[in-house]
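One structure below.
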Amino acid sequence: EKGAHGVLRSTTPAVTGPGWTSMATGKNPGKHGIYEFRRRKGYKTEIITRNTSAHAEPIWKILSRKGKRVVVANVPMTYPPDAVNGIMVSGLMTPGLDTNFVHPAEFKKELLEQIPGYQLDIDGATLFSNIGRRKLMKEIFKVTEDGRHLMHYLLEKESWDLFFFVFVGSDLIQHFMWEKILSQDPECVHYYQLLDAIVGDLLKRLDDDTVLWIASDHGFCKVDKFFAINSFFHEAGFLDVHEKHKPKIDKPGETSQKILSEVADVIKSFHVTKILPAFLVNHLKKLLPKPELTGDLIDWDKTRAFSLLEYGLVSLNLKGREPNGIVEEQEYDCLCMQIEDALLAVTDPETGQTIVKDVLRGHRIYSSEYGDHRPDLVVVMQEGYLIYIGLGRSILSENRFRRVQVTADHETEGLFAAYGKPINSNKNEAEIYDIMPTLLYLMGAPIPEDVDGRVLKEIICEEFLEKNEVKFEKVGKLTPAEANTVPEEDEEAITKQLKKLGYLN
């Protein structure tokens, strides 16, 4: 009632990695180089983190350079932590407590003494277990309470100009308990009451010089099915696999493979591997078709389009850009149109409804300085559908659809709210890129001239606008070489973490 609020439109696709990076930098994925949690290099992918990959400075580094004190904690894509003027505790994609996840390094001991048993994130193994919902909620409450404890301690311990803190629990329960949330399950209601109490804690601390911002990196909607996009590309003639990986033509072989594929889904869905003896699990693994999409599987000399990254990011096998590219430059636009038409025509065999909402050209939605990593097409699904990039198992069946193991997933429309003396009381819409320049303006700091966002003047009081002009500054280009590097063992740990949390399917 007393502040500004409204819809905050996320990145395309609406994914945690680019979402938080865009919010912190004010730039679109084409400029900071992060489209999901990985980057494609030829026909391979590698895990990326903010500090080893982004080509743009986040707000806390800009303010640190200008002598401002910052406190940053639990923000995804911040491992390893930046050497800020203040304190930084890494968030999602931190491999574990035994790593250097805190700056300055000596604060780590202090943190663990203040919060014994501090938990960075939940154990991803509980997420996909049908018997683990109570344990899941218990862990989410624990992580949130630990975050609340850390937030209170840092608010009291540190002097700061920017305090940037993330709570991830609502994302987790919305992924896995959407129906329970909609039915106002008491345990879910209790969780939102906890978040509300945390906001209340902050409101009590506000003075006239402080503005409180709340922002999400994306919204949520219900989902039911996966669509196997690479299998569809194979069926439509855009992608080919080596002969040894193609399904057998004879009916008995094909039937047996389909049965094994269904068994694999059952085993994964119900965590049978936790019940069966180890020797039997190992034997089953040898029999089951592999679900992974690998460079060895695809015949790149005959493939024109493929998706090695999640969330509908599609690349063409362009000659001169890809190692075994076959698509000529003059074919590019025509092939894009063919793929777009084919995808928009796909229907769900159970409902007859189309499943693809739009197919966007990468160069039109990403103003890019680093075009080699930019996807050529971005597939936007209708509500209820997610994209599955696996090929090994799904190519053995004519069915391109699989049931999802989550109840909801990300959508573009999230939310923001702002409250404080300079803020008007109104309802407004904003882009995720607008948060960073608006915060810099409110703090009297110049804004990098190459940001994609704008200052949200409509939510700021006239008196403040009249006294403070919007200032811009030129900034030098950053390269990943200027940032820290992630050890190989950390990269492996991060990959396992993302798979357990369901971000890499």
Side-chain angles (χ1 to χ4, degrees), residues 7-19 35-37 127-128 130 133 136 170-185 188 216-233 235-236 261-262 265-266 268-270 291 293 307 309-314 339-360 365 375 377-391 393-394 397-415 499 501-505:
V7 167
L8 184 70
R9 284 181 291 274
S10 185
T11 53
T12 302
V15 184
T16 301
Y35 298 94
E36 54 126 283
F37 296 100
L127 287 178
F128 295 101
N130 291 327
R133 289 295 179 256
L136 170 62
S170 57
D171 178 273
L172 293 168
I173 69 169
Q174 285 163 198
H175 270 301
F176 295 94
M177 305 183 74
W178 188 249
E179 296 299 333
K180 287 185 176 293
I181 292 168
L182 295 184
S183 65
Q184 297 193 14
D185 175 84
C188 295
S216 67
D217 59 318
H218 52 71
F220 262 89
C221 64
K222 181 181 178 182
V223 292
D224 295 304
K225 296 178 182 178
F226 275 126
F227 169 61
I229 191 167
N230 284 307
S231 290
F232 170 76
F233 283 160
E235 181 184 43
S261 180
E262 295 299 323
D265 285 337
V266 170
K268 185 176 180 182
S269 299
F270 294 96
L293 177 81
S307 180
L309 299 176
E310 310 281 356
Y311 311 107
L313 304 177
V314 174
I339 294 170
E340 180 180 352
D341 290 343
L343 285 167
L344 290 172
V346 176
T347 58
D348 184 332
E350 290 185 0
T351 66
Q353 299 297 311
T354 58
I355 66 165
V356 176
K357 186 176 182 179
D358 206 351
V359 181
L360 307 171
I365 59 175
L377 298 169
V378 181
V379 183
V380 182
M381 303 299 287
Q382 299 280 13
E383 185 172 327
Y385 297 90
L386 293 177
I387 285 179
Y388 174 72
I389 63 171
L391 182 59
R393 180 189 305 156
S394 52
S397 167
E398 294 177 0
N399 184 14
R400 303 295 172 228
F401 295 85
R402 299 176 57 197
R403 291 292 173 186
V404 298
Q405 292 176 290
V406 295
T407 60
D409 202 69
H410 305 171
E411 71 165 358
T412 302
E413 292 191 350
L415 65 86
K499 284 182 177 179
L501 291 171
Y503 286 112
L504 303 181
N505 61 44

#### Entry: S216 to G414 - nearest heavy-atom pair and separation
OG-CA, 3.3 Å
### Message
Test your reading of the model: is there a side-chain donor-acceptor pair from H175 to the backbone of D409, 3.5 Å cut-off?
### Response
no
### Task
Using a 4.5 Å cut-off on heavy atoms from C-beta on, say whether the side chain of Y35 contacts that of V15.
no
#### Entry: Counterpart residues, side-chain hydrogen bond (donor to acceptor under 3.5 Å, both in side chains), relative to Q174 (two or more places apart)
Y192
### Task
Could you check if a side-chain atom of Y311 sits within less than 4.5 angstrom of a side-chain atom of V378, using non-hydrogen atoms only?
no
### Task
Would you check if V314 and F233 make a side-chain contact, meaning some heavy-atom pair closer than 4.5 Å?
yes
#### Entry: Any side-chain heavy-atom pair of H218 and T16 under 4.5 Å
yes
### Query
Tell me, do D348 and Y385 make a side-chain contact under 4.5 Å, heavy atoms counted?
yes
### Query
In Å and rounded to the nearest 0.5 Å, what is the CG to CE distance from L386 to M381?
8.0 Å
### Query
Roughly how far, to the nearest 0.5 Å, is the CG atom of N230 from the CD atom of E235?
12.5 Å
### Flag, side chain of T347 to backbone of P349, donor-acceptor distance under 3.5 Å
no
### Task
Decide if atom CD of E411 counts as having more than 12 heavy atoms of other residues, nucleotides or ligands within a radius under 6.0 Å.
yes
Just list the side-chain donor-acceptor pairs under 3.5 Å for residues 350-357, sequence neighbours left out, or say none.
unit_1	atom_1	unit_2	atom_2	d
E350	OE1	K225	NZ	2.9
E350	OE1	R403	NH2	3.2
T351	OG1	Q353	N	3.2

### Minimum side-chain heavy-atom gap V359-I339 below 4.5 Å
no
### Task
Using atom types as modelled and distance alone, determine if a side-chain donor or acceptor of T407 lies under 3.5 Å from a backbone N or O of W178.
yes
### Query
Considering only heavy atoms from C-beta outward, does the side chain of L377 approach that of E340 to under 4.5 Å?
no
### Query
At their closest point, which heavy atom of C188 faces which heavy atom of K180, and how far apart are they?
SG-CB, 4.0 Å
### Query
Given side chains that start at C-beta, do those of S10 and H410 come closer than 4.5 Å, heavy atoms only?
no
### Task
Mind checking the CG-CD1 spacing from L343 to I387? Nearest 0.5 Å is all I need.
7.5 Å
### Message
To the nearest 0.5 Å, what is the distance between CD on E179 and CG on D185?
### Response
12.0 Å
### Task
Calculate, to the nearest 0.5 Å, the distance between atoms CD1 and CG belonging to I173 and L136 respectively.
9.0 Å
### Query
Which value, rounded to the nearest 0.5 Å, describes the distance between Y388 atom OH and S231 atom OG?
8.0 Å
### Task
Mind listing the closest non-hydrogen atom pair of P13 and L313 along with its distance?
CD-CD2, 3.8 Å
